[in-house]
Undergrad: 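Supplied in structure tokens, the structure appears directly below.
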Amino acid sequence: METKERVFSGTVLNGFLFLFINILLTLISIAGIVCSIISLANDKPGGWGLAFSILLLIVSFILWSGMMMLEPNEARVTTWFGNYSGTFSDTGFFWINPFYSTKKVSLRARNLDAEPIKVNDKTGNPVMIGLVLVWKLKDTYKALFEVDTQTMANAPSGQIGADMRSIMNALERFVRVQSDAALRQVAGQYAYDDEDNKHDELTLRGGGEEINDQLEEKLNERLALAGIEVVEARINYLAYAPEIAAVMLRRQQASAIITAREKIVEGAVSMVKMALDKLSAEEVVELDDDKKAAMVSNLLVVLCGDDSAQPVVNTGTLNH
């Protein structure tokens, strides 16, 4: 998306040099006022000197407002009587024309831990899902002039915003609302887990990085309007909604039991086959089909049963 942000090209002076000049100017104007008052008190000419000194003092006070200091990853957005004049982001202490209106914004990364919200997944099941994202301001023009930061920051009419904290808090509220919408959009496209997945499709629980990448892409699309860049976004909470959590837990338990039973039966059949093959190969005992069937049945009961088997000692012969 095209940006209108540009670097501030107005006059910028070294802050420490101008600080020394302005202090000297202020002292001279105060001394001039004092000398003019003394001259007038002694009936000597001093009216013009007094007026000039007062004017010089007023000018020095105005010049004081042109001082500005920027720390790393901070910027000043400047306007000249309502017209955007550029963004100043050099680090240090400077002086610019005090008639420029400036607002300081932070370019540092900020963290948002969104509270879990209830959404319906692809199959209509209500789930609780939350995210954590890291974002930072990338385009100061869009942040201050493309979205209504002034209203969101509760700033007085005619101002860009109240202060840096208010502006960044307003942008954070914008990020929070848009992240909620993006999270609902992404969550509605996928089923919660593999139980609802009939065609080996991506799921919220099993999607991992792919789901997080899609969430980050949707967030960047929505936040680009405000000049905000998402550094990282990922789902940090995922669970069924409380009203269906108990039912889904029982379903998961049943599925786990079925899977375990299948494994047990598979192992039992393998063990029975091995036992029959071993008995036959080593000619320990000769079994007909009926006795093999009875042995298979008993072994499967022993191997697949939940309770420990109670052995019965047969003191007779195999023919009884």
Side-chain angles (χ1 to χ4, degrees), residues 1-9 70 72-89 100-120 129-190 207 209-236:
M1 188 180 293
E2 185 180 355
T3 178
K4 296 180 181 178
E5 184 184 68
R6 63 176 184 270
V7 177
F8 178 70
S9 57
L70 286 179
N73 285 320
E74 288 184 345
R76 289 268 186 175
V77 180
T78 63
T79 58
W80 179 260
F81 296 100
N83 294 319
Y84 174 65
S85 302
T87 300
F88 185 82
S89 57
Y100 280 108
S101 296
T102 66
K103 283 296 172 183
K104 186 162 68 170
V105 293
S106 174
L107 305 179
R108 296 164 183 162
R110 297 171 72 92
N111 188 61
L112 175 65
D113 186 4
E115 291 292 329
I117 58 174
K118 184 188 294 184
V119 301
N120 291 332
I129 186 169
L131 66 81
V132 60
L133 65 90
V134 180
W135 62 276
K136 64 180 181 179
L137 191 59
K138 185 179 181 181
D139 191 317
T140 58
Y141 180 90
K142 291 179 181 179
L144 292 182
F145 303 114
E146 295 289 348
V147 295
D148 195 0
T149 332
Q150 173 181 316
T151 301
M152 291 189 291
N154 298 319
S157 177
Q159 293 186 14
I160 302 174
D163 52 28
M164 184 175 73
R165 176 175 294 181
S166 298
I167 292 172
M168 300 311 296
N169 287 342
L171 290 174
E172 184 170 329
R173 286 194 291 271
F174 184 85
V175 171
R176 190 179 297 276
V177 172
Q178 294 302 320
S179 63
D180 185 290
L183 188 58
R184 291 180 185 276
Q185 181 181 1
V186 172
Q189 295 176 354
Y190 303 99
E209 290 300 323
E210 294 183 54
I211 296 293
N212 292 330
D213 290 342
Q214 291 195 29
L215 179 61
E216 185 175 327
E217 180 182 350
K218 296 296 182 184
L219 282 167
N220 274 318
E221 290 176 0
R222 291 175 173 273
L223 298 177
L225 175 65
I228 294 171
E229 177 187 20
V230 176
V231 178
E232 182 185 20
R234 58 181 57 251
I235 294 173
N236 69 334

Undergrad: Under a 3.5 Å threshold, yes or no: a donor from one side chain and an acceptor from the other, between Glu210 and Tyr190?
TA: no
Undergrad: To check you understand the geometry: which heavy-atom pair defines the closest contact between Tyr84 and Thr79, and what is its length?
TA: CA-CG2, 4.1 Å
Undergrad: What distance separates Asp213 CG from Glu232 CD, expressed to the nearest 0.5 Å?
TA: 10.0 Å
Undergrad: Atom CD of Glu5 and atom OG1 of Thr140: how far apart are they, to the nearest 0.5 Å?
TA: 3.5 Å
Undergrad: Between Ile211 and Val186, which heavy-atom pair has the shortest distance, and what is it?
TA: CG2-CG1, 4.2 Å
Undergrad: Quick one: pull up CG in Asn73 and NZ in Lys136 and give me the separation to the nearest 0.5 Å.
TA: 7.5 Å
Undergrad: Among residues at least two apart in sequence or on other chains, which ones pass salt bridge (Lys or Arg N to Asp or Glu O under 4.0 Å) with Glu115?
TA: none
Undergrad: Find out whether Asn220 and Glu217 are in side-chain contact, i.e. whether some heavy atom of one side chain is under 4.5 Å from a heavy atom of the other.
TA: no
Undergrad: Go through the structure and list residues passing ring pair (Phe, Tyr, Trp, His ring centres under 6.0 Å) with Tyr100, not counting sequence neighbours.
TA: Phe8, Trp80
Undergrad: Quick one, Leu144 and Ile167 - any side-chain contact, counting heavy atoms below 4.5 Å?
TA: yes
Undergrad: Quick one: does Gln185's side chain get under 4.5 Å of Arg222's, heavy atoms only?
TA: yes
Undergrad: Considering all heavy atoms of both residues, which atom of Ala187 and which atom of Ile129 are nearest to each other, and what is their separation?
TA: CB-CD1, 4.1 Å
Undergrad: Decide yes or no for Phe88 and Thr102: does some side-chain heavy atom of the first lie under 4.5 Å from some side-chain heavy atom of the second?
TA: no
Undergrad: State which residues pass salt bridge (Lys or Arg N to Asp or Glu O under 4.0 Å) with Glu172; sequence neighbours excluded, sorted by chain then number.
TA: Arg110, Arg176
Undergrad: Would you say CZ of Arg165 has more than 12 non-hydrogen atoms from neighbouring residues, nucleotides or ligands within 6.0 angstrom?
TA: no
Undergrad: Nearest 0.5 angstrom please: Ile235 CD1 to Leu215 CG, how far?
TA: 6.0 Å
Undergrad: Taking all non-hydrogen atoms of both residues into account, name the closest pair between Ser179 and Leu112 and its distance.
TA: OG-CD2, 4.0 Å
Undergrad: Which pairs count as salt bridge (charged side-chain N to carboxylate O under 4.0 Å, His left out) when at least one residue sits in residues 177-188, sequence neighbours excluded?
TA: Asp180-Arg184
Undergrad: The criterion is side-chain hydrogen bond (donor to acceptor under 3.5 Å, both in side chains); which residues satisfy it with Glu216, sequence neighbours excluded?
TA: none
Undergrad: Can Val134 and Val230 be said to form a side chain to side chain contact (heavy atoms under 4.5 Å, CB included), step by step?
TA: CA-CA 6 Å; Val134 180; Val230 176; over 6 Å; no
Undergrad: Distance from Met164 atom CE to Lys103 atom NZ, nearest 0.5 Å?
TA: 11.5 Å
Undergrad: Are Thr78 and Thr87 packed together at the side-chain level, in the sense that at least one heavy-atom pair is separated by less than 4.5 angstrom?
TA: no
Undergrad: What distance do Glu229 atom CD and Leu137 atom CG have between them, rounded to the nearest 0.5 Å?
TA: 10.0 Å
Undergrad: Are side-chain heavy atoms of Arg6 and Tyr141 found at a separation under 4.5 Å?
TA: no
Undergrad: Does any part of the side chain of Val105, heavy atoms only, come nearer than 4.5 Å to the side chain of Leu171, both counted from C-beta?
TA: no
Undergrad: Test side chain to side chain contact (heavy atoms under 4.5 Å, CB included) on Lys4 and Lys142; report intermediate values, then the result.
TA: CA-CA 8 Å; Lys4 296 180 181 178; Lys142 291 179 181 179; over 6 Å; no
Undergrad: I want to check something: taking the side chain as every heavy atom from C-beta on, are Trp135 and Leu219 in contact at a cut-off of under 4.5 Å?
TA: no
Undergrad: Taking Asn236 for the side chain and Leu131 for the main chain, is one N or O donor matched with an acceptor at less than 3.5 Å?
TA: yes
Undergrad: Residues two or more places apart in sequence or in another chain: which of them pass salt bridge (Lys or Arg N to Asp or Glu O under 4.0 Å) with Arg108?
TA: Glu71, Glu74
